[in-house]
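Hydrogens, waters and symmetry mates are skipped; everything else that's a heavy atom, side chains included, is used. Just so it is clear: chains get the letters A, B, ... in the order the sequence lines come, proteins before strands, and each one is counted from 1.
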Amino acid sequence: MTIRTRFAPSPTGFLHVGGARTALFSYLHARANDGSFILRIEDTDIERSTEASIQAIMDGMNWLGLEWDEGPIFQTDRFPRYAEVIEQLKAEGEAYPCYCSKERLEKLREGQMEAGLKPKYDGKCRDMDPVDTPAGITPVTRFRNPLEGEVEWNDLVRGSITISNDELDDLVIARPDGSPTYNFTVVVDDMDMGISHVIRGDDHINNTPRQINIYRALDAEPPLFGHVPMILGEDGARLSKRHGAVGVTQYRDDGYLPEALLNYLVRLGWSHGDEEIFSIDDMVRLFDIADVNRKPSSFNTEKLNWLNQHWMRSLPAEQVAEALAWQFELLGIDTSTGPALADIVSVQAERVKTLKEMAEQSRMFYEDFEEFDANAAKKNLRPVSREPVEAIRAALEAIEEWTPENLHQAIIDTAETMGLNMGKIAQPLRVAVCGSGVSPSIDKTLWLVGKERCLKRIDMALEFIAKREAAT
RNA sequence: GCUCCCUUCGUCUAGUGGCCAAGGACGCUGCCCUCUCAAGGCGGAAACACGAGUUCGAGUCUCGUAGGGAGCGCCA
């Protein structure tokens, strides 16, 4: 059997993490089984669908590297096909025109709710004699759902699910203008596209039996269904625009690597023993839809942060540097005159959680500063530090080969000569060169800042100390 | 209201009747290391929603209760 899966978003917003994970699972199931992954845009709701959303969704998938083999296929291009199938269903008596007004339906629903019943269409037009056809009303088309029996399927993630046909009613498959509705178009599309496995959010569980009945009416074999649970916000509440439902590209802008987000997302609801770290290749090799959980899970930024750091440290520095360049750009920092970005990555990756943070904390490698951080200066640029700083300045100036090794040696030697421990030299030096008390190891920092800038900043620090001495 | 689905540490999870006085990971936390911040090493606290039943034995099977979620559209 050829495995074919699809991701079928409706273009009414960006690609958020829930959708991204559904797409990922669908993608992995295809890749893990040598199948194809198809992107279909469900844009039959012309009112709400936008071009910008289509672009945003594809941007998100591209950033994550979720490549589709076919598509994007637009439902709006397939209206003639839907019309054809609707005609077929009508001709076979599997669908019928319904003239009921929305008002009548609304009343019906209210009455049923009040009586404690599940609201359902009552089938008024189901067996109407054509001679009774009311004039002047353009009807909708309803699917003739079986009255008896039940629908059962073996869900790929939930196991057997059974729903009785008397829970279902005759759903509308075409509006008065002939435009098709969701539960109908998915079936026609999945059938025509030869989709073998439908992997989607569990909010579709209740739609599945209706769709299976349509497949049967069409004499088509239904695909296999796998309903994956939803992702909740940090607080356990449903993701909504107010609760962290942001587009995945927001994570890119916030300094996350796609490898990290993907790794995080795949572990939300899926596991492989005790393993936590998965590259996309690992996922393709190990993923099995049967190992997906049934329970909804909450998004946890702390763990994403940890994974992001892991991937910043593990991926080739050159690769991470490309993503870092974007962050410097966002901050308006010109990196052309400073150290190579890959070197920044190798010294900073283990001390930050995101690339954004990395760029922010690396500003001093590229730009001079006007003043020292007040607290750091107060503590470290004191009169007592003047001599050590002067000494280290001289030692640094004498260095010809500006390498971390030589710098390290110079600091050790200076400390020893002055009978001080390393911290007494390194910390004032750090504040002098960085402007603040936090940086990578002092030798690497000096190395990256460069000799000229280091000496200039040390002079600035000595001036600062001198002023302080004069003031007392 | 009705139907369907879900329920192991704060969070993500392992667990498919005995290997579980429940393991891993993030986070939190103690100690060590240390030029700052980190990273790292070694420890620690922390969970089977509840109640019945089946069984020699239940986190694992069944039923019920509670709690949560979804659906019940001429939205997708």
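With respect to Lys118(A) and Asp169(A), no salt bridge is recorded, no charged nitrogen being found less than 4.0 Å from a carboxylate O. Ion pairing between Asp343(A) and Lys444(A) fails under the 4.0 Å rule for side-chain N and carboxylate O.
Separating the P atom of C48(B) from that of G41(B) is a span of 30 Å, rounded to the nearest Å. A distance of about 16 Å separates the P atoms of C9(B) and G24(B), rounded to the whole Å. A38(B) and A46(B) have their C1' atoms separated by 26 Å, with the value rounded to a whole Å. Taking atom P on both nucleotides, U65(B) is separated from C5(B) by 15 Å, rounded to a whole Å. As rounded to the nearest Å, U54(B) and C20(B) have P atoms that lie 27 Å from one another. Going from the P atom of C42(B) to that of G69(B) covers 41 Å, rounded to whole Å. With both ends at atom C1', the span from C19(B) to G59(B) equals 15 Å, rounded to whole Å.
With A76(B), A39(B), C35(B) as the candidates, the nucleotide lying closest to the side chain of Ala426(A) is C35(B). Closest to the side chain of Ile442(A), from the set C35(B), A39(B), C74(B), is C35(B). Listed candidates were C74(B), C4(B), A14(B). Nearest to the side chain of Ile161(A) is C4(B). Distances from the side chain of Arg158(A) to the nucleotides C26(B), C35(B), C5(B) place C5(B) closest.
Taking 3.5 Å as the limit, the base of G24(B) and the side chain of Glu276(A) contain a donor-acceptor pair of atoms between them. On a pure distance criterion of 3.5 Å, a polar donor-acceptor pair joins the side chain of Arg351(A) and the base of C37(B). For Arg430(A) against C35(B), a side-chain N or O and a base N or O form a donor-acceptor pair under 3.5 Å. Counting distance only, with no hydrogens placed and no angle test, the side-chain atoms of Asp203(A) and the base atoms of G71(B) include no donor-acceptor pair under 3.5 Å.
The structure places CG of Leu355(A) at 11.0 Å from CD of Glu360(A), a figure rounded to the nearest 0.5 Å.
When rounded to the nearest whole Å, the span between CE of Met113(A) and P of G1(B) equals 10 Å. Between the C1' atom of A70(B) and the CG atom of Asn206(A) lies a distance of 6 Å, rounded to the nearest Å. Between the P atom of U36(B) and the CG atom of Asp443(A) lies a distance of 13 Å, rounded to the nearest Å.
Checking the phosphate oxygens (OP1, OP2) of A76(B), no side-chain nitrogen or oxygen of Thr12(A) falls inside 4.0 Å. Checking the phosphate oxygens (OP1, OP2) of A76(B), a side-chain nitrogen or oxygen of Thr44(A) falls inside 4.0 Å. The phosphate of U8(B) (OP1 or OP2) has a side-chain N or O of Lys295(A) nearer than 4.0 angstrom.
Counting any heavy atom pair closer than 4.0 Å across all strands shown, Arg267(A) reaches a base atom. Using a 4.0 Å heavy-atom cutoff across all strands shown, Ser297(A) reaches sugar-phosphate atoms only and no base atom.
When the nearest nucleotides of RNA chain B are assigned to Asn293(A) and Lys303(A) by heavy-atom distance, the more 5′-ward of the two goes with Asn293(A). Each of Ser10(A) and Lys353(A) was matched to the nucleotide of RNA chain B holding its nearest heavy atom; the match closer to the 5' end belongs to Lys353(A).
Taking the six-membered ring for Trp and thresholds of 30 and 60 degrees, His272(A) and Trp270(A) have nearly parallel ring planes, at less than 30 degrees apart.
Separation of the Tyr215(A) and Trp153(A) ring centroids does not fall under the 6.0 Å cut-off. Aromatic ring centres of Tyr182(A) and His204(A): separated by under 6.0 Å.
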